[in-house]
Structure formats: structure tokens, C-alpha cells
Number of protein chains: 2
Amino acid sequence: MLAYTYVDITAVESDMILQSLPFFANYWHYLLISLVSFLLFNTLARLSRVAKTARKILEQDKGEPESLNDEQGSDENDGEHLVEDDDDEPALPKDLEHVLYVYTRPSEEELIQRAREFYRVASARRTIRFFSPDPVPKEVIQEIVKSAGTAPSGAHTEPWTFVAVSDPRTKTAIREIVEKEEEINYKKRMGKKWTTDLQPLRTDWIKEYLTIAPYLILVFKQMYSIGPEGKRKIHYYNEMSVSIACGILLTAIQSTGLVTLTSTPLNCGPALRKLLNRPASEKLTLLLPVGYPARDATVPNLRRKSLSEILVEI
Amino acid sequence: MLAYTYVDITAVESDMILQSLPFFANYWHYLLISLVSFLLFNTLARLSRVAKTARKILEQDKGEPESLNDEQGSDENDGEHLVEDDDDEPALPKDLEHVLYVYTRPSEEELIQRAREFYRVASARRTIRFFSPDPVPKEVIQEIVKSAGTAPSGAHTEPWTFVAVSDPRTKTAIREIVEKEEEINYKKRMGKKWTTDLQPLRTDWIKEYLTIAPYLILVFKQMYSIGPEGKRKIHYYNEMSVSIACGILLTAIQSTGLVTLTSTPLNCGPALRKLLNRPASEKLTLLLPVGYPARDATVPNLRRKSLSEILVEI
């Protein structure tokens, strides 16, 4: 009869509370259930929305992709994204003219010779950490950026901005932002094993090259643009398009006879974006110091994968 | 005294139920609160984990990035990712040798001349949809892929596989997969406006170039690799690294004197991956038909952004 005893006590207590707070005393549990349920379902709905948005962004930039053609965003495109764009202006004029493609066909010997020559130049490229302060002609940087701008992009959006910094004060400000975050990375964010691992590469948070190299090229991807009616137009595949442009940029730097360091400064994006007055629609992708190597520049003695490790022939 | 009336009724009802189920009758609301709370908190925790994972992937490939250096994944790196890797083998040997970087410095005149020449070649590149069936020497494709393999990558993981297909039956199978999905895209997934928009580009779901072009290069990104102890090693920044390699690949094709079409076939990735026997750790990034253009190949008469639209000088 234990259960019955409990009931008796509760009944007595209930009676006592009922005298002072008759309605709430009797219904507090219903109210509590309602309140808890409301709060939890509310949070659930919010989290669902977050997860949905995240999944959408992931699919958009990582999943089955839309076209990355020069001309448009359609040929091998992501229909669901395009359907969303139904109200938007078409990317290209309706009466787009088509012209004959001008082309001179090389002989097979020429093809082989040119492909070998390109490989000879490309394979000499290395990431350089030690720069000479000697200036580089501005025109060279302009030609290099023009070359990067020939990259194909999703829906021909050309979603890139290149910021070429030679002004010493701006370079100093960039270095301060990067070194501040890097010092935190080295001293706090990383484990001991990580810093030990780094020793063979002789790197630390001091980034002298950021003020020594004559140019810093900061590559921003434009995640969206604002259309004529103030409507946001998402640049699908901006990450891939900008990275392809960076591949061309690296090749242009190499072909020209200059050196660079392909870096992605951790945690510095927003601060660098603000420093350089770039809009919120842009995000830092790469930071490349560009110039001549220092006379005593060294590189780690690395090997690349062989052709058989990266090519499958069918 | 309305509240009091309710209390009376409830008391009577309670008493009746108490006779048969004394314990549960009195405590059912506590149990219900506990059950509802448990279920909701459980779901909340699960959703939180989903959101956290999604955020991590987003940050990993889109947010403040880790290093994309040739040598390692550390210099300007994402510490939080590296800390997770604490148990892993270091990417590079501890006694990594450093050697003097061999370099011949060009004159300023040479720099300008080379930068201009590179731009001349790069800017002539166009996306071509009409191919000649004429074969291309295998060695040319090999040199082009070797060039792409010189790209820098996060932690020097070189996370790319290039599949070069010249076998007619495999090309036909690829075309069937792509056209099947594209027909659905054109007929079902897209709106009427979209197909109207496409008319100026004269494209449809028939992709003749997939069987006509002598080579199809399918670029796969390796999202992770399996370490010696069977442990998964995530390749951070595989998307960016592979896209940079594709930028070099496109430039190699262009420099050699061949043409290509930068395409990302919608919804075909998994089927093409299976057809080509690539592992689950790989994901299709680009599909590039490579060859000579058809004699009567046309291109839309497009313009590119001017230098002042893409370059900011500071």
C-alpha cells in the first residue's frame, strides 16, 4: 500500500496549495508541458532551418554541380538552382551572336613539343617563402591578373576580384593582421605535436615575406552580386571558378619568371576584407606574395606523385 | 469560483482513477513531461551534431581556410583541423631536407614580354562545343596531365585523379549517362523560361562531343585517403586544390594548341564514378572533352570583364 500512502500525502499537499492558488495549482503540469514543448519545438524548427540551409550550400558548391562554361550556366547545369532563378534576367542577351571560332591547327609534332615545353615550365614551379624586396613592374602584375581573368566561370559570372597591394603601409597592416592570428595559432590553437611537426619546415608566425615581397595579390571570390533591381544573384560555383582562375594566375606568375606562395591565411579573411574595403559579398580565397625569390631562398626537397599515380587511361 | 468548480471535478475524476491505478494516475504528468523532454532533447542533440558537421564542412572548404602550400598543411593553416590530426603521421618526414632554390632572374623587359605572351595565349582560350574526331597523340594528354599534377595542394596531398578516356565504348557509356540525365534536366527539371533562355546558345541534351572528341578527361577530387593503419585522412581543401589543378590543366590544353569544354555534368557524378571504377573517396569535379575543334566550330560572341573591373590596385 506504499503507492496509496504517496497519494494521500499528495492529496493533502494539493489541498493546501489549492487554498491559495486554485487554478494554477491544479493545472501547472499542463502549463509546464505546453511551455517545454513550445520551447523545444521552436528550437527544433530553428535548427532544422539551419541544417537545411547548410545542406543547400553544401549541395550548391560541392554536390552534383551546375555548368562551369564560359558562356552560360545551363549546358550541364543544375536545374533546380536555375528554376529558382526563373524571375531573374537571363545571363546573356537573347540575340547572342555566334561567330566562327578562329583556329590554326598545330601538327602532331608541334603539339608534343608545346605540351612538353609547358610541362617543363609548370613543373619548375615551387612555393617560395623567401622573397627579394626588389620591385616588379606594375604592368607585369596587370598582365598576370588579366590572364587569370580569362578563366571560365559558372554562368560566365567572372566572380573574382584581385587586389594587388604594393603600398608599404597596407602591406604592414596586412602582416599585422596575419601575424596576430598566426601567433595565436602557434601558441594556443595548435597542439605540441603540431608545432614539433612544423620544425622540419622552419616556419613560425613571423611572415616577413608579407612586407618584403613587392606585391601581395589577394584573391576574393564574389559569392553573389546585386542585380539592377537590387536583387541578389547567387554566383554558383564561385569557389571552383575562382580556384580555376587562381590556377591560371599561378601559371602566369610562373611563366613570367616570378615566384609566389599559395597561402590561405587562417582566421584573417574578415579583417583583411575590411582593411581592403571589399564588400560583404566577397570572401578572401588566397593571399599570394609575388616577386623575385631571395638570393639564398631554399625549398624543401619534395617529390611529386608520378604520372601513374595520378592518371588512369581507359 | 469557476476555478474551484474545475478542481472539484478533477478531484472526483482523480479519486475514481486512483482506485484502479494509484501510482500512474497521480504521476502520469511527471512521466509525460520526462518522456517528451527526453525525446525532444534527443532530437535536439542529433540535429546539433548534424548542424555542427555541416558547419565544419562548410568552414573546411569555404570558410577561413587552412594552408594550400606545396609543402605542408601548416604554415597559414587551420589549427583546429590539425589538432584533430594529432594522432596521424606527419605529412612530411622529420628530417626533410631543404635545398637551395635554383632560379635565373629575368630582366624587367623579359618579365613584361613573357607576361604579355602568356596573356596572349590565355586570352585566346574559349569553351568549344564542336569537336573534330581526329585523334590526338597519347603523349600530349600525358604531358597535359603531368602539368596539372604540378599544382599546389593543401598539406601536399595532391588530391586528384585524372581519368583519360579514349576507348569508344567507354565514351559511349559516358554519353549515355550524361544524355539521360540531361534529357530529364531539359524536359522535366527545368522551367519553360529556362529552355527558352537556352535557345540563343543552341544547346540541348544531345552531347555529340562526348563520343566525337578523341579524349575525355574526367577529373576526380579525392576527399580522403586511407592511411597505413586503415585510418581515414581527410584531404582538406581538396575542392580548391583540384580546381587550381584544373586551371593549370586548362592552360596546358590551351598552350598545347588543343581545345576543351569545361563541363560539370549534373547528377551524373555517382554513375560516372562507378562506370570508371573510381573509389567512394573520389568525386567527379569536371568532365573535359579534349581535341581539335570542328572546322565549322562557332562560339558565342562574348566579352570578358575589363582589367579595371577585376583588379584593385593599392
Side-chain angles (χ1 to χ4, degrees), chain A residues 3 22-23 29 40 47 54 64-65 68 70-71 75-76 79 90 96-99 101 106 111 114-115 118-119 122-123 127 140 143 145 147 149-150 152 158 163 165 185 189-190 197 200 203 240 243-244 247-248 251 255-257 262-265 267 297-301 305 310-312 314, chain B residues 3 22-23 29 40 47 54 64-65 68-71 75-76 79 90 96-99 101 106 111 114-115 118-119 122-123 127 140 143 145 147 149-150 152 163 165 185 189-190 197 200 203 240 243-244 247-248 251 255-257 262-265 267 297-301 305 310-312 314:
Chain A
F23 182 82
H29 34 81
L40 284 172
L47 265 176
E64 290 315 308
L68 188 74
D70 279 27
E71 287 83 24
D75 197 1
E76 286 78 15
L96 186 65
E97 189 191 7
H98 285 242
V99 293
Y101 176 66
L111 283 184
R114 289 190 202 171
F118 185 87
Y119 173 67
S123 63
T127 288
V140 171
E143 290 293 319
V145 169
S147 292
T150 67
E158 303 171 279
V163 182
V165 180
N185 294 339
R189 293 193 190 116
M190 318 301 189
D197 274 359
T203 60
M240 185 190 273
S243 301
I244 288 176
I248 301 177
T251 317
S255 290
T256 298
T262 323
S263 84
T264 51
N267 288 340
T298 57
V299 287
N301 199 7
K305 286 180 182 170
I310 65 169
L311 175 63
V312 176
I314 295 176
Chain B
F23 184 81
H29 34 81
L40 284 172
L47 265 176
E64 289 318 307
L68 188 74
N69 298 334
D70 279 25
E71 287 82 25
D75 197 1
E76 286 80 13
L96 186 65
E97 188 192 7
H98 285 241
V99 294
Y101 176 65
L111 283 184
R114 289 190 200 172
F118 186 87
Y119 173 67
S123 64
T127 288
V140 171
E143 291 292 320
V145 169
S147 293
T150 67
V163 182
V165 180
N185 294 339
R189 293 196 190 114
M190 319 300 189
D197 274 359
T203 60
M240 187 190 272
S243 301
I244 288 176
I248 301 177
T251 318
S255 290
T256 298
T262 322
S263 84
T264 51
N267 289 340
T298 56
V299 287
N301 198 9
K305 286 180 181 171
I310 65 169
L311 174 64
V312 176
I314 295 176

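Quick note: numbers below take in every heavy atom, side chains included, and nothing from hydrogens, waters or symmetry partners. All of these numbers come straight from a predicted model, not from anything done at the bench. Proteins get letters first, then strands, A, B, ... in listed order; numbering begins at 1 in each.
- One distance of note links OH of A:Y101 with OG1 of B:T127; it measures 10.0 Å at 0.5 Å rounding.
- Qualifying salt bridge (charged side-chain N to carboxylate O under 4.0 Å, His left out) partners for A:E143, counting only residues two or more places apart in sequence or in other chains: A:K146.
- For A:H98 against B:T298, the heavy-atom pair with the smallest separation is ND1-OG1, 4.2 Å.
- In terms of heavy-atom pairs under 4.5 Å with chain A, the best-connected choice from B:I248, B:V163, B:I310 is B:I310.
- Contact tally against chain B (heavy-atom pairs below 4.5 Å) for A:V165, A:L40, A:V140: the top residue is A:L40.
- Chosen from A:S123, A:G149, A:A297, the residue pairing most often with chain B at heavy-atom distances under 4.5 Å is A:A297.
- Once rounded to the nearest 0.5 Å, the distance linking OG of A:S255 with CZ of B:F118 reads 4.5 Å.
- Using a 4.5 Å heavy-atom threshold, the side chains of B:V99 and A:V299 count as touching.
- Listed options A:P106, A:A122, A:S243 were ranked by heavy-atom pairs under 4.5 angstrom with chain B; first place goes to A:S243.
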